[in-house]
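Notes for the one structure printed next.
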2 protein chains.
Amino acid sequence: MGSVVALAGQVGGAKLADGLYRLRHDALTVVVNTGDDYQHLGLAFSPDIDTMLYSLAGIASSAAPWEPEDETHALHAMLKVLGGPDRPIHGDRALAAPLLRAHGLASERTLSQITADFCRHLGIKARVVPMSDDPVRTYVETDEGSVTFQEYFHDLACEPAVRGFHYAGAESARLPEALLDALHSADLEAIVICPANPYHAIRPILQVAGMKELLRKRRAPLVAVTPIVGGRALMGSAGKIMRELGREASARAVASEYLRLIDGFVLDSEDSALVESVRSLGMDVVALPTVMRTRDDRVALANEVLDFAASIRVRREAEVA
Amino acid sequence: MGSVVALAGQVGGAKLADGLYRLRHDALTVVVNTGDDYQHLGLAFSPDIDTMLYSLAGIASSAAPWEPEDETHALHAMLKVLGGPDRPIHGDRALAAPLLRAHGLASERTLSQITADFCRHLGIKARVVPMSDDPVRTYVETDEGSVTFQEYFHDLACEPAVRGFHYAGAESARLPEALLDALHSADLEAIVICPANPYHAIRPILQVAGMKELLRKRRAPLVAVTPIVGGRALMGSAGKIMRELGREASARAVASEYLRLIDGFVLDSEDSALVESVRSLGMDVVALPTVMRTRDDRVALANEVLDFAASIRVRREAEVA
């Protein structure tokens with residue numbers, strides 16, 4: 001068994017990363033989207049990192065994996081009593097990480113160091129790595145102007161039509177050291193793009209300066225897993241956004257977002273009719289059950305994805321020989 | 001009925017202020033000690049202000065009046081899981097005010113403005129006024145060096161012998177506007193120093209530049225209520241500190257701390273043997289039941305204290321005439 005690098009964001013990304021973690025333990029490095037990070041009331045929210053941490057630690061709420069299980073909302077209720085801002089904030093438990101993170105950042109610690117500390121205390125053996133220690137912010141360009149993803153999602157309820165995205169700070173953001181180490185590992189067996197919105201979960205990672213060039217020099221197959229099943233996003237607004245961007249909301253359209261980057265694409269068994277069409281884009285394709293309802297589903301999909309990557313590696317080695 | 005100004009800190013101060021509030025409603029101005037304010041994890045804690053707010057709003061926990069009732073500790077538990085600092089922090093509800101306060105201060109609002117907002121949202125009609133919007137910090141000089149009161153109380157458990165106090169920033173701190181207004185009110189009937197530790201609850205207020213001079217120009221009697229009953233502090237460490245400072249732990253010693261400032265002193269009925277001795281210091285004295293176990297006790301004591309002040313005023317007016 002070799003080591004694995006995963007790129008992830010959102011709930012779907014955390015689920016597959018959790019499956020990979022159960023198989024590879026400390027040989028897994030997960031690079032997490034931080035493009036949706038935001039400050040609120042002086043706290044430093046990193047929603048995708050926290051979702052990942054709670055998932056890997058096995059303490060995520062099943063209904064709301066961005067919070068620990070058994071969440072309460074006493075602080076928020078008191079904030080309302082005291083006339084605090086209307087914007088809903090997290091539950092009591094989920095506020096601990098943003099509070100410690102804000103304090104750590106104010107004390108000149110990096111997001112990577114803070115995240116590594118959280119992993120250690122949560123007993124997570126995998127490395128969870130922010131896509132950069134430098135701030136990158138995803139902006140959604142809509143008919144009503146350019147807004148952060150948080151504003152688009154929470155304040156505007158995903159309503160304005162989306163015309164594009166930009167990733168402020170990405171061009172000058174530095175790559176995380178831990179990712180460089182992981183990608184140079186001699187036993188690297190696969191790089192996995194987890195199922196997540198390609199525009200505001202995966203592309204922010206790919207836009208960090210030097211990231212795509214680094215991935216193109218990879219020593220192992222890069223495979224992506226679709227977040228779109230049967231023409232709709234499993235969670236979130238990917239389908240709506242794709243249509244507004246003039247693309248069809250399909251696994252094939254997601255695959256084409258990763259064209260000239262990935263070696264293989266995993267679409268859902270429900271979309272097996274698309275296998276040939278996606279293969280014609282110039283990549284290996286496999287149809288698998290990608291919907292992860294249980295932890296066993298996560299591990300099963302992770303296992304199949306790694307087998308798929310292994311099959312690509314074996315065939316390429318045969319071609320070279 | 002006229003208006004009343006109270007100087008207060010700690011739990012005893014909040015209790016008597018609450019009694020005065022039930023009698024005088026919006027004609028009460030309470031000046032609160034901020035010498036024990038501190039920052040922790042980026043939050044701005046003002047323990048005496050919050051104790052006052054919860055008490056006046058009628059939502060203070062009876063066991064721990066520095067917290068709202070029905071407190072929970074989910075955030076703190078999660079902070080520990082994530083490796084946060086050992087120092088205990090407040091419960092979930094009690095963290096809302098320090099969080100909003102830190103955010104307000106960072107947004108260039110004053111402590112007075114923030115406190116007034118909290119009062120408005122909590123439905124408190126009295127004015128709760130920080131002793132200054134400028135930072136003043138009470139330091140305890142001990143055998144083991146100079147420490148903040150928070151360090152003395154929490155980290156050192158009040159153990160080192162106390163040699164003195166100093167109030168950093170007091171000499172350049174500005175008086176609160178709302179206090180100037182209240183003291184100049186034509187209908188001012190009394191100024192009350194509430195029962196609280198004279199060294200780290202009341203003296204920090206008196207040390208704000210110009211405060212004593214302002215109080216000496218008062219238009220109404222200034223009366224103080226003892227925090228010491230029968231040779232011991234009702235709460236906290238006042239008795240121990242007084243002995244270490246070479247004073248006896250008695251109501252008389254507290255009265256002498258306010259010498260040449262107050263017109264009258266209220267000691268507890270249990271100490272009625274001390275009445276003549278305190279009177280010989282040159283002030284009016286009355287012995288009253290000062291232990292406030294119920295809200296009725298608070299109102300009863302407040303009523304007696306205002307009657308005492310009225311009796312001083314009537315007699316002085318008679319002397320002048």
Name the member of [options] that forms the most heavy-atom pairs with chain A at distances under 4.5 Å.
options                    : result
B/Val81, B/Asp70, B/Leu43  : B/Val81
B/Gly83, B/Ala97, B/Ala106 : B/Gly83
B/Ala77, B/Ala74, B/Gly42  : B/Ala74

| request: Name the member of A/Leu122, A/Leu100, A/Asp117 that forms the most heavy-atom pairs with chain B at distances under 4.5 Å. | output: A/Leu100
Could you state the interatomic distance from [atom1] ([X]) to [atom2] ([Y]), rounded to the nearest 0.5 Å?
X       : Y       : atom1 : atom2 : answer
B/Asp92 : A/His76 : CG    : NE2   : 13.5 Å
A/Leu75 : B/Leu95 : CG    : CG    : 5.5 Å
B/Leu82 : A/Arg93 : CG    : CZ    : 12.0 Å
B/Met78 : A/Thr72 : CE    : OG1   : 11.5 Å

| Checking A/Ile59 against chain B: side chain, backbone, both or neither under 4.5 Å from a heavy atom? | side chain
| If you count the non-hydrogen atoms of other residues, nucleotides and ligands that lie under 6.0 Å from CD in B/Glu69, is the total more than 12? | yes
